[in-house]
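Please read the structure below before turning to the comments.
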Amino acid sequence: MVTARIEAYLRGAIDDARKAGKLPAIETANLGLEKSRLEGSDYSSTLPMRIARAVGAAPRAIAEAIVGSASDSLMLASVEVAGPGFINFVLADSWLAEQVDGILQHGPAHAVPRLGEGVRTQIEFVSINPTGPLTVGHGRIAAFGDVLARLLKAVGYDLQREYYVNDYGNQVKLLGQSIYSHYAGQLGEDVPFPLNGYKGKYVEEWAQEVAAQAGRKYLDMTEDEAVDALSIEGVARSLAMIRADLDELQIGFDNWFSENSLHQAGDVRRVIEVLHESGYVTEREGATWFSHGDSSHERENVLVKRTGETTYLASDIAYHVNKFAERKFDRVVNVMGADHHGHTARMYAAMDALDLDRSKLTFVLCQMVHVVVDGLPVKQSKRSGDFELLGQLVDEIGSDATRYFMISRAADSQMEFDVDLAKKKSDENPVHKIRYAHARISSILRRAEKAGIDFSDGDTSLLDRPQELGLIRAMLDYPEVVSAAAKSLEPHALPHYALSLASAFNSYYHVHRVISPDLQLTKARLKLAMAVRMTVAAVLGLMGISAPDEMVREEAD
RNA sequence: GCGCCCGUAGCUCAGCGGAGAGAGCACUGGUCUUCGGAACCAGGGGUCGGGGGUUCGAAUCCCUCCGGGCGCGCCA
């Protein structure tokens with residue numbers, strides 16, 4: 001990475017300045033080195049301004065001392081003091097041009113730092129109750145989690161993707177009761193529909209199918225037995241629907257972990273006992289409570305209900321014991337909807353109570369998605385409310401566009417998903433522009449191949465136009481963007497980067513011809529184009545968006 | 001009432017302690033003897049919700065108020 005190299009260079013200059021007695025030995029862990037926003041400067045350091053007070057000298061004087069001690073470097077064209085005390089670095093044109101061969105030879109991902117080498121990590125995401133289809137809101141969590149997983153893998157984490165299946169408890173039972181009610185109705189028996197039952201059309205359809213396939217089988221057993229059996233049936237059908245929706249978005253999991261299996265193994269009861277022995281459990285009002293928090297903010301949450309059934313919280317504590325104590329993950333990232341945020345404090349408290357290291361657990365909460373159709377929230381729209389369903393949305397606008405929009409916003413921000421914009425204006429969609437840039441470069445390379453041009457011996461030092469150097473700079477940002485996004489768990493940097501890279505190529509394309517009568521220049525530019533295509537493909541790959549070699553224009557309908 | 005998130009261009013959103021505040025879309029005006037015009041270039045448009053504070057420096061940190069969303073012990 002370029003920043004790492006400049007950082008090393010800057011540290012060398014600082015050391016030399018110290019040895020020469022021009023700078024006192026003060027703490028300089030943070031160099032304040034970042035991409036410069038100023039035109040004509042690539043990177044800048046704010047260090048002189050940060051340490052001015054401690055050093056007791058003017059920022060500019062400190063900057064001068066450091067720059068004065070800096071050695072020559074082939075990578076840098078200039079190192080200068082600017083403004084109130086910045087140190088600005090400008091990359092050398094010749095060095096930039098050389099980087100193209102490096103990208104072609106090793107690939108754009110080569111310079112991505114291995115931040116997570118050897119760290120056993122799990123990312124859990126989606127984990128929606130298996131009681132129905134995924135909504136658009138779930139789709140955001142799914143796309144976000146999937147791209148985050150790709151990012152973590154890209155920086156070297158030993159990663160497992162997991163879906164926690166809540167196949168236990170009231171919700172699942174309600175699903176079984178809902179199916180049972182419709183099923184009985186099909187066969188002329190009147191079984192009241194449960195309060196808060198699942199009203200979706202799919203429940204009726206499943207009941208019909210069960211009635212057609214199994215006849216009166218479930219009426220011949222007790223209602224409890226029937227509901228249990230139909231709960232299992234409903235979970236299986238729900239999971240099939242969920243998997244199908246996720247498949248359409250090219251999202252897969254390494255492991256589907258059953259909540260019920262924790263109960264079967266006795267893990268839930270066991271963890272309650274452990275909490276009890278450590279004094280975190282109280283009995284009151286016929287229920288068993290998890291007591292936590294400091295003395296001023298005592299909190300209590302139910303682990304075992306009056307009915308004797310355990311709660312979701314009890315399962316989830318056992319689940320996290322399983323993650324950390326049994327499976328020994330070094331790091332766990334849970335991606336979930338923001339409506340679960342109250343849950344995070346309880347889980348951290350449970351981690352503390354069980355002597356598990358809470359710093360190993362990170363929650364990422366995705367805010368809600370509001371679907372807009374015809375300029376109105378979907379619930380007020382005259383058109384079908386089915387746009388709240390993920391499958392419907394993907395059918396309408398496709399996996400690539402769905403993924404792009406879902407990950408292009410920070411998780412913290414609520415999101416408005418305008419279906420008409422994503423679909424009707426698809427010609428102007430950023431995602432199309434990026435994919436088109438890839439297809440266009442492919443087309444150029446095909447043309448070169450047809451013309452029999454072998455550019456493997458191209459001399460990249462001929463690349464000296466501002467747009468060419470700008471493109472190379474943009475490609476060198478790739479590892480920086482990837483590592484920053486992985487570190488901060490913020491995939492939304494990727495779509496923004498991809499768009500700027502594609503735009504940079506399109507601009508270049510309109511100013512300079514890749515294939516021209518000048519064979520040497522053509523070869524050099526073909527190398528550049530190839531490197532750009534590789535980089536665009538790499539970002540698209542991280543986002544799980546297809547990188548087509550050609551695109552057929554669709555007729556407007 | 002308490003807790004978490006968000007108020008930045010007409011719209012959707014980046015930027016989250018540094019040097020004239022950005023992108024996409026929309027709008028206005030241009031560019032083509034087209035290596036794929038699903039393109040490119042230029043322009044207009046902003047008291048960064050209001051008010052205090054911290055700092056050499058605040059859209060960014062702290063406090064407060066206003067507005068919106070989500071949540072708040074026997075659902076998961």
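Order of the sequence lines fixes the chain letters, A, B, ..., with proteins taken first and strands second; residue numbering starts at 1 for each chain.
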Between the main-chain N or O of Asn88(A) and the side-chain N or O of Ser44(A), is there a donor-acceptor pair closer than 3.5 Å? no
Can you check the distance between U12(B) and C75(B), where both ends of the measurement are the C1' atom (answer in whole Å)? 34 Å
Contact under 4.0 Å: Arg440(A) side-chain N or O vs G37(B) OP1/OP2: yes
For Leu499(A) and for Ser45(A), find the nucleotide of RNA chain B with the closest heavy atom, then tell me which residue's nucleotide is more 5'. Ser45(A)
Provide the distance between the two C1' atoms, one in G22(B) and one in C61(B), to the nearest whole Å. 22 Å
Determine whether the side chains of Glu259(A) and Tyr319(A) contain a donor N or O and an acceptor N or O closer than 3.5 Å. no
Which whole number of Å gives the distance between the P atom of U64(B) and that of C2(B)? 11 Å
Using a heavy-atom cut-off of 4.0 Å across all strands, would you classify Ser44(A) as base, sugar-phosphate, or nothing? base
So do the side chains of His438(A) and Asp549(A) get within less than 4.5 Å of each other, counting heavy atoms only? yes
Just by distance, do the side chain of Asn129(A) and the backbone of Thr131(A) share a donor-acceptor pair under 3.5 Å? no
Per-nucleotide protein contact along nucleotides 4-12 of chain B, 5' to 3', at a 4.0 Å heavy-atom cut-off (B base, S sugar-phosphate only, - neither), is BSS-----B
Can you find a side-chain donor-acceptor pair between Arg409(A) and Ser413(A) that sits under 3.5 Å? no
Base, sugar-phosphate, or nothing for Ala287(A), non-hydrogen atoms under 4.0 angstrom? base
For Phe86(A) and A19(B), do the ring centres fall under 5.5 Å apart while the planes stay under 30° apart? yes
Nearest whole Å is fine: how far is A23(B) P from Phe405(A) CZ? 18 Å
Report yes or no: is the cationic atom of Arg440(A) (NZ for Lys, CZ for Arg) under 6.0 Å from the centre of the six-membered ring of Tyr509(A), at an angle within 45° of the ring normal? yes
Same-atom distance (P) from G53(B) to G69(B), integer angstrom: 32 Å
Is the phosphate of C75(B) approached by His340(A) (side-chain N or O, under 4.0 Å from OP1 or OP2)? no
Can you find a side-chain donor-acceptor pair between His138(A) and Thr135(A) that sits under 3.5 Å? yes
With a 4.0 Å heavy-atom cut-off, tell me which residues in residues 502-518 of chain A come close to RNA chain B, sorted by residue number. Asn506(A), Ser507(A), Tyr509(A), His510(A), His512(A), Arg513(A), Val514(A), Ile515(A)
For G46(B) and A9(B), measure between their P atoms and round to the nearest Å. 10 Å
Is there a donor N/O on one and an acceptor N/O on the other, under 3.5 Å, for the side chain of Asn88(A) and the base of A19(B)? yes
Does A76(B) have OP1 or OP2 under 4.0 Å away from a side-chain N or O of Lys305(A)? yes
Assess the side chains of Ser258(A) and Asp167(A): does a donor N or O sit below 3.5 Å from an acceptor N or O? yes
Which part of the nucleic acid does Glu259(A) contact within heavy-atom distance under 4.0 Å: base, sugar-phosphate only, or nothing? sugar-phosphate
When you measure from the side-chain N and O atoms of Arg37(A) to the phosphate of A19(B), is any distance below 4.0 Å, counting only OP1 and OP2? yes
Contacts of His496(A) and Met368(A) projected onto RNA chain B by closest heavy atom; the upstream (5') one is His496(A)
Provide the closest heavy-atom pair for Ala143(A) versus Met406(A) in the form atom of the first, atom of the second, distance. CB-CB, 3.7 Å
Under a 4.0 Å threshold between the charged nitrogen and the carboxylate oxygen, would Asp228(A) count as salt-bridged to Lys173(A)? no
On the nucleotide G36(B), are OP1 or OP2 found under 4.0 Å from the side-chain N or O atoms that Ser443(A) carries? yes
When rounded to the nearest Å, what value does the distance between P atoms of G67(B) and G49(B) take? 16 Å
